Undergrad: 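Let me begin by handing over the structure; questions about it come next.
Side-chain atoms are counted along with the backbone in the values below, which use heavy atoms only and exclude waters and symmetry mates. All values derive from a computational prediction rather than experimental measurement.
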Amino acid sequence: MTETTTITPAEQLFDDAIRDYQNGESPAKLIPVFIDICNQSPKLTSAWTCLSWLYLLEDKAPLALKAAHKAAKLEPYDAQSRVNLVLAMLETKEKGVREHIEAIQQLILTEEIHTQIVENIQDGFSRKPEWDSLKRVQKWLFEE
């Protein structure tokens, strides 16, 4: 007997939005989609993480900070949520970045998470080449 899994509308919307992002859709067009996903599934950490990333790409750091805080609170051991939180903190000149960098350094010890963060940083630079805060985070995580 096969077990079937039901995908919620929010999960389907999330998958579609991720595909659109990977196909080059603009962050500005995807932000409302991710807001809708977060409203439908407020405990879906990955949606909050993506929303914070999109806000960062659109230079909306205060909104990114709120979304990143929510994601990190929902899943404290998610490295990308923490990276987004650090980026938003840097952009808004918040204090307390060091503790999050240290947590990320512990989280990226596994090869899979390390690779994921490296790829996400590369994606950030491909979309926002002169992103100073991202340069700082990259240096702290991989060059020290």
Undergrad: Test side-chain contact (heavy atoms from CB on, under 4.5 Å) on Leu44 and Phe34 and set out the steps.
TA: CA-CA 11 Å; Leu44 187 59; Phe34 278 95; over 6 Å; no
Undergrad: Identify the heavy atoms of Glu91 and Ala61 that sit nearest to each other, and give their distance.
TA: CB-CB, 3.4 Å
Undergrad: So, taking the atom named CG in Leu54 and the one named SG in Cys50, what distance separates them when rounded to the nearest 0.5 Å?
TA: 6.5 Å
Undergrad: Decide if atom CZ of Phe125 counts as having more than 12 heavy atoms of other residues, nucleotides or ligands within a radius under 6.0 Å.
TA: yes
Undergrad: Would one find more than 12 heavy atoms of other residues, nucleotides or ligands at under 6.0 Å from atom NZ of Lys135?
TA: yes
Undergrad: How close do Leu107 and Asp78 get, counting heavy atoms only, and between which atoms?
TA: CD1-C, 4.2 Å
Undergrad: Is the backbone of Thr49 close enough, under 3.5 Å, to the side chain of Asn84 for a donor and an acceptor to pair up by distance?
TA: yes
Undergrad: Would you give the length of the straight line joining atom SG of Cys38 to atom CD1 of Ile31, rounded to the nearest 0.5 angstrom?
TA: 11.0 Å
Undergrad: Just do the side-chain contact (heavy atoms from CB on, under 4.5 Å) check on Trp53 and Gln80 with the steps written out, would you?
TA: CA-CA 9 Å; Trp53 182 254; Gln80 188 61 49; 3.9 Å; yes
Undergrad: Check this for me: Arg127, atom CZ, are more than 12 non-hydrogen atoms of other residues, nucleotides or ligands nearer than 6.0 Å?
TA: yes
Undergrad: With clusters defined by side-chain heavy atoms of hydrophobic residues (ILVMFWY) lying less than 4.5 Å apart, directly or transitively, does Phe142 cluster with Leu85?
TA: yes
Undergrad: Roughly how far apart are Asp16 CG and Asn23 CG, rounded to 0.5 Å?
TA: 11.0 Å
Undergrad: Looking only at heavy atoms, what is the nearest atom pair of Ile104 and Val83, with distance?
TA: CD1-N, 3.6 Å
Undergrad: Please round to the nearest 0.5 Å and tell me the distance separating atom NE2 of His114 and atom CD of Gln105.
TA: 10.5 Å
Undergrad: Any sub-3.5 Å donor-acceptor pair from Trp140's side-chain atoms to Glu102's backbone N or O?
TA: no
Undergrad: If you define the side chain from C-beta out and look only at heavy atoms, does anything of Ser41 sit under 4.5 Å from Phe14?
TA: no
Undergrad: Roughly how far, to the nearest 0.5 Å, is CD of Glu119 from CD of Gln116?
TA: 8.0 Å
Undergrad: Out of curiosity, Ile117 CD1 to Glu112 CD, how far, rounded to the nearest 0.5 Å?
TA: 11.0 Å
Undergrad: Taking all non-hydrogen atoms of both residues, which atom of Glu11 and which atom of Thr6 are closest, and how far apart?
TA: OE1-O, 3.9 Å
Undergrad: Out of the candidates Ile37, Asp20, Ile18, only one should pair with Leu30 under the side-chain contact (heavy atoms from CB on, under 4.5 Å) rule; please name it.
TA: Asp20
Undergrad: Which atoms form the tightest heavy-atom contact between Pro32 and Lys29, and what is the distance?
TA: CD-O, 3.5 Å
Undergrad: May I ask you to decide if Ile101's main-chain N or O and Arg82's side chain share a donor-acceptor pair within less than 3.5 Å?
TA: no
Undergrad: Show the nearest heavy-atom pair for residues Ala79 and Ile113, with the distance to one decimal.
TA: CB-CG2, 3.6 Å
Undergrad: Is there side-chain contact between Trp131 and Asp59, with at least one heavy-atom pair below 4.5 Å?
TA: no
Undergrad: What verdict does the side-chain contact (heavy atoms from CB on, under 4.5 Å) test give for Gln138 and Leu134, after you've listed the backbone C-alpha separation in whole Å, the side-chain angles of each residue and the deciding distance to 0.1 Å?
TA: CA-CA 6 Å; Gln138 181 183 39; Leu134 189 58; 5.6 Å; no
Undergrad: Are more than 12 heavy atoms, taken from residues, nucleotides or ligands other than Lys128, located less than 6.0 Å from that residue's NZ atom?
TA: yes
